[in-house]
Amino acid sequence: MPGTLYIVGTPIGNLEDMTFRAVRVLQEAAVVAAEDTRVTRKLLAHFDIRTPTMSYHAHSGPGRIAEVTALLRAGKDVALVSDAGMPGISDPGQALVAACVAENIPVVPVPGPSAIIAALAVSGFNTDRFRFLGFLPRATKARRALLRESLSGADTCAAYEAPHRVAEALADLADLASDHPVLLARELTKKFEELRRGTARELAEALAEAEVRGEIVLVWPGGGLRATAAEDPSARAVALARRYREDGLSTKDAAARAAAETGAGKRDVYQALLNGA
Ligand code: SAM
């Protein structure tokens, strides 16, 4: 009989969110496979759990997966944890789970907190259907394309974003749908938890000047793309150009850059800016 791979959720800040079952499973497993063993050892120590740890992280290759599955095949139970939240959700886990599935090794979830679910639950937006975008792309073009697409669908959307990039992401959202409601959920379950609600433009402006810290989830409803911007690339280009001009570019340079990024005609964008668009 093979052992079981347990996928164990751990707190995203507040240690009181650890479940009784997580403590028991971590205690009873033969080994805890951890994204960062130093982080996990602190958690285990807090709950007086003495199970040995091994590392399993984003760069663990097939060799590590083979080691874990060998343990499981030998009948040992393995508990997989990440630094915080649910393993496999923007965290290592998926490849190991897939390997176990392929080998008919039982995989059992031990659900715990996840930042995405916590943020959605307090968003007040429709959560009957939602779309998780993971971490937003770092490349400007890819991020804007994804945000635009997110607004063209009806599902509520949620994404993880790094603190030093969140102002830019909000500015991109504001360009697409300035009055669209957004929730910025920061430091959930922690001492400085903050739920900031406002329009994309309000939040973008508030954050443009501030130094943002901590961990962040952004949530916004779908369906916000203005018809004009959705259907007419030049409307999107003009909105972008306006922003570049606000950022300090000349009208000509702002028009050229926005046109290049959207495929709209440079002269059209330039003319629209001159006309007061
Ligand atoms: N597996 C985790 C989960 O289930 O929530 C997510 C891991 S992902 C590497 C880390 C990102 O999740 C952070 O950059 C942040 O966007 C979000 N996050 C994690 N903890 C958070 C918290 N306490 N408050 C807000 N966002 C959080």
Side-chain angles (χ1 to χ4, degrees), residues 5-19 21-22 25-26 32-40 42-43 46 55-60 79-98 107-125 127 130-139 142-143 146-147 150 156-170 172-173 182-198 203 206-207 210-220:
L5 176 68
Y6 291 97
I7 307 299
V8 182
T10 57
I12 56 170
N14 191 327
L15 291 179
E16 287 179 358
D17 291 336
M18 187 77 167
T19 68
R21 186 169 171 231
V25 167
L26 291 172
V32 175
E35 181 181 12
D36 182 337
T37 51
R38 287 163 306 178
V39 171
T40 295
K42 281 190 205 148
L43 179 79
H46 182 86
S55 68
Y56 180 81
H57 47 69
H59 306 293
S60 295
L80 177 70
V81 297
S82 59
D83 289 353
M86 280 306 286
I89 305 300
S90 295
D91 263 345
Q94 179 260 324
L96 179 59
V97 171
V107 181
V108 167
V110 182
S114 188
I116 183 78
I117 299 298
L120 277 163
V122 294
S123 70
F125 304 140
T127 50
F130 61 82
R131 186 169 170 213
F132 175 41
L133 303 176
F135 281 98
L136 292 176
R138 288 180 189 200
R143 185 178 59 243
L146 180 64
L147 290 176
S150 80
T156 292
C157 290
Y160 291 156
E161 185 55 295
H164 57 282
R165 278 196 294 269
V166 70
E168 227 176 315
L170 285 165
D172 288 343
L173 257 182
V182 179
L183 165 68
L184 185 151
R186 198 172 67 83
E187 295 287 88
L188 290 168
T189 79
K190 301 186 200 178
K191 186 170 173 192
F192 297 109
E193 177 178 278
E194 182 186 21
L195 298 177
R196 206 157 171 166
R197 300 171 200 275
L203 293 187
L207 266 60
E211 192 200 344
V212 187
R213 290 181 187 202
E215 298 195 282
I216 291 165
V217 185
L218 292 175
V219 189
W220 63 95

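In this chain, numbering begins with 1 at the start of the sequence shown. Counting starts at 1 for both ligands and their atoms, following the listed order.
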Gap between atom CG of Asp83 and atom CD1 of Ile12 - 0.5 Å precision: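 Those atoms lie 13.5 Å apart.
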
Out of curiosity, Ser150 OG to Trp220 CH2, how far, rounded to the nearest 0.5 Å?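 Reported value, rounded in 0.5 Å steps: 5.0 Å.
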
Protein contact of [atom] - nearest heavy atom, named by residue and atom, plus distance:
{"atom": "atom 4 (O) of ligand 1", "value": "Ser114 OG, 2.6 Å"}
{"atom": "atom 11 (C) of ligand 1", "value": "Phe135 CZ, 3.6 Å"}
{"atom": "atom 24 (N) of ligand 1", "value": "Leu188 N, 2.8 Å"}
{"atom": "atom 25 (C) of ligand 1", "value": "Glu215 O, 3.2 Å"}

At the 4.0 Å heavy-atom cut-off, does Glu161 count as touching ligand 1?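 Per 4.0 Å heavy-atom rule, Glu161 contacts ligand 1.
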
Using heavy atoms and a 4.0 Å limit, tell me yes or no: is Gly13 in contact with ligand 1?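 It does not, in that no heavy atom of Gly13 comes within the 4.0 Å cut-off of ligand 1.
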
Polar atom proximity, [X] to ligand 1 (N or O, under 3.5 Å):
{"X": "Ile89", "result": "yes"}
{"X": "Tyr160", "result": "yes"}
{"X": "Ser90", "result": "no"}
{"X": "Ile216", "result": "yes"}
{"X": "Thr189", "result": "no"}
{"X": "Ile12", "result": "yes"}
{"X": "Pro113", "result": "no"}
{"X": "Arg186", "result": "no"}
{"X": "Ala115", "result": "yes"}

Go through the steps to decide whether Val217 and Phe132 satisfy the test side chain to side chain contact (heavy atoms under 4.5 Å, CB included), and finish with yes or no. CA-CA 10 Å; Val217 185; Phe132 175 41; over 6 Å; no

Hey, is Pro87 touching ligand 1 through its side chain, its backbone, both or neither, going by heavy atoms under 4.0 Å?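 None of Pro87 does.
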
For Lys190, which part has a heavy atom under 4.0 Å from ligand 1: side chain, backbone, both, or neither?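 Under 4.0 Å from ligand 1, Lys190 contributes side-chain atoms alone.
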
Pair Met18-Leu43, side chain to side chain contact (heavy atoms under 4.5 Å, CB included): steps then yes or no: CA-CA 10 Å; Met18 187 77 167; Leu43 179 79; 4.1 Å; yes

